[in-house]
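This report concerns only the one structure given below.
In this text, all values refer to a predicted model and were calculated from it rather than measured experimentally. For the single chain, residues carry numbers from 1 onward in sequence order.
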Amino acid sequence: MKNRKVIFIGLFIFLSLVIGSFIYFPKSMDTALNRIKYPFEVGEIVTSQQIDENLIVVIYTNKENSSQLQNAIIQKTGIFYSVVEMNGSLNIEMPKELDSGDLRTAELISWYDKSDKYVVMAVAYDEDVAAITYRNQELTQLNINGYHLFYGNGTGKYEVPELFDKEGRRLERIKE
């Protein structure tokens, strides 16, 4: 009789742990990101891309203020997701014709995995900016809700991103 009680209690504890883990651990990127409220709550996921075997970079907006952009590195383990790293944010604006002396873009380069692996995201404030390269890699362009966004990832040391117009001419970082 005691043996059955011990087996029943052990089985109950085991099933409780299994059910609890399915309830607690996030099964989607949205859920994993929304558990982390710093520096702000997730609004819209702009894009996500697999960057390593189990790592995904996610670029998303602020729920309260859609003009702030953030990136996070998420790890997928089995069916569960967890946020590995979150980095700074960028303010985004619609591209326009800038005055002399204004910055054409804002970039955020985030290093992860305690190595030289990076994720770069950029916002073009100047309508003349048609392409951005980082470490000789052209960043993927996103035109979302009128915003002119770019992102990419890779490995290497810091370099200054390069800007190009529609004809492929190099642009200075500050409008002349």
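The two residues Ile59 and Met121 make their nearest non-hydrogen contact at CG2-SD, 4.0 Å. The minimum heavy-atom distance between Pro161 and Arg173, with the atom names listed, is O-NH1, 3.4 Å. Nearest heavy-atom pair across Gly146 and Pro95 is O-CD, 3.2 Å. Nearest heavy atoms, Ala130 versus His148: CA-NE2, 4.4 Å. When all heavy atoms of Gln68 and Ser89 are compared, the closest pair comes out as NE2-OG, 4.4 Å.
Lys96 has no carboxylate O lying under 4.0 Å from a charged side-chain N of Glu127, or vice versa, which leaves the two without a salt bridge.
Contacts classified as salt bridge (Lys or Arg N to Asp or Glu O under 4.0 Å) and involving residues 68-80 (residues at least two apart or in different chains) are not found.
In the hydrophobic clustering of this structure, Val84 does not group with Ile56; members are Ile, Leu, Val, Met, Phe, Trp, Tyr whose side-chain heavy atoms approach within less than 4.5 Å, directly or through other members. Val83 and Val57 fall into different hydrophobic clusters, where Ile, Leu, Val, Met, Phe, Trp and Tyr side chains are chained together by heavy-atom contacts under 4.5 Å. At a threshold of 4.5 Å between side-chain heavy atoms, the hydrophobic network of Ile, Leu, Val, Met, Phe, Trp and Tyr places Tyr60 and Tyr81 in one connected group. One hydrophobic cluster, built from ILVMFWY side chains closer than 4.5 Å, cannot hold both Val58 and Val119; they sit in different ones.
For the side-chain hydrogen bond (donor to acceptor under 3.5 Å, both in side chains) test, no residue two or more places apart in sequence or in another chain qualifies with Asn91. By the salt bridge (charged side-chain N to carboxylate O under 4.0 Å, His left out) test, Asp128 pairs with Lys175, sequence neighbours left out. Scored by the side-chain hydrogen bond (donor to acceptor under 3.5 Å, both in side chains) test, Glu64 finds no partners at all (sequence neighbours excluded). Every residue two or more places apart in sequence or in another chain was checked for a side-chain contact (heavy atoms from CB on, under 4.5 Å) with Glu53, and none qualifies.
Thr47 and Gln49 form no side-chain donor-acceptor contact under 3.5 Å, judged by distance and modelled atom types alone.
If you take CD1 on Ile73 and OG on Ser82, they are separated by 11.5 Å, rounding to the nearest 0.5 Å. Taking CG of Leu108 as the start and OH of Tyr151 as the end, the distance is 15.5 Å to the nearest 0.5 Å. Between atom CZ of residue Arg104 and atom CG of residue Asp165 there is a gap of 8.5 Å, rounded to the nearest 0.5 Å. Put simply, CG on Asp102 and OH on Tyr125 are 11.0 Å apart, with the number rounded to the nearest 0.5 Å. Remark: Leu149 CG to Ile92 CD1 distance equals 5.5 Å, nearest 0.5 Å. Distance check, rounded to the nearest 0.5 Å: CD1 of Ile9 to CG of Leu11 gives 11.0 Å.
At least one side-chain heavy atom of Thr61 sits under 4.5 Å from a side-chain heavy atom of Val46. Within the 4.5 Å cutoff, the side chain of Tyr112 has heavy atoms near those of the Ile51 side chain.
Side-chain atoms of Thr155 never come within 3.5 Å of backbone atoms of Lys117 as a donor-acceptor pair (strictly under, hydrogens ignored). Of the possible donor and acceptor atoms, none in the side chain of Ser48 sits under 3.5 Å from a partner among the backbone N and O of Ile45.
Summarising the hydrophobic clusters (Ile, Leu, Val, Met, Phe, Trp, Tyr; side-chain heavy atoms under 4.5 Å, direct or chained), the residues clustered with Val129 are Ile109, Trp111, Tyr118, Val120, Ile132, Tyr134, Leu139, Phe150, Tyr158, Val160, Leu163, Leu171.
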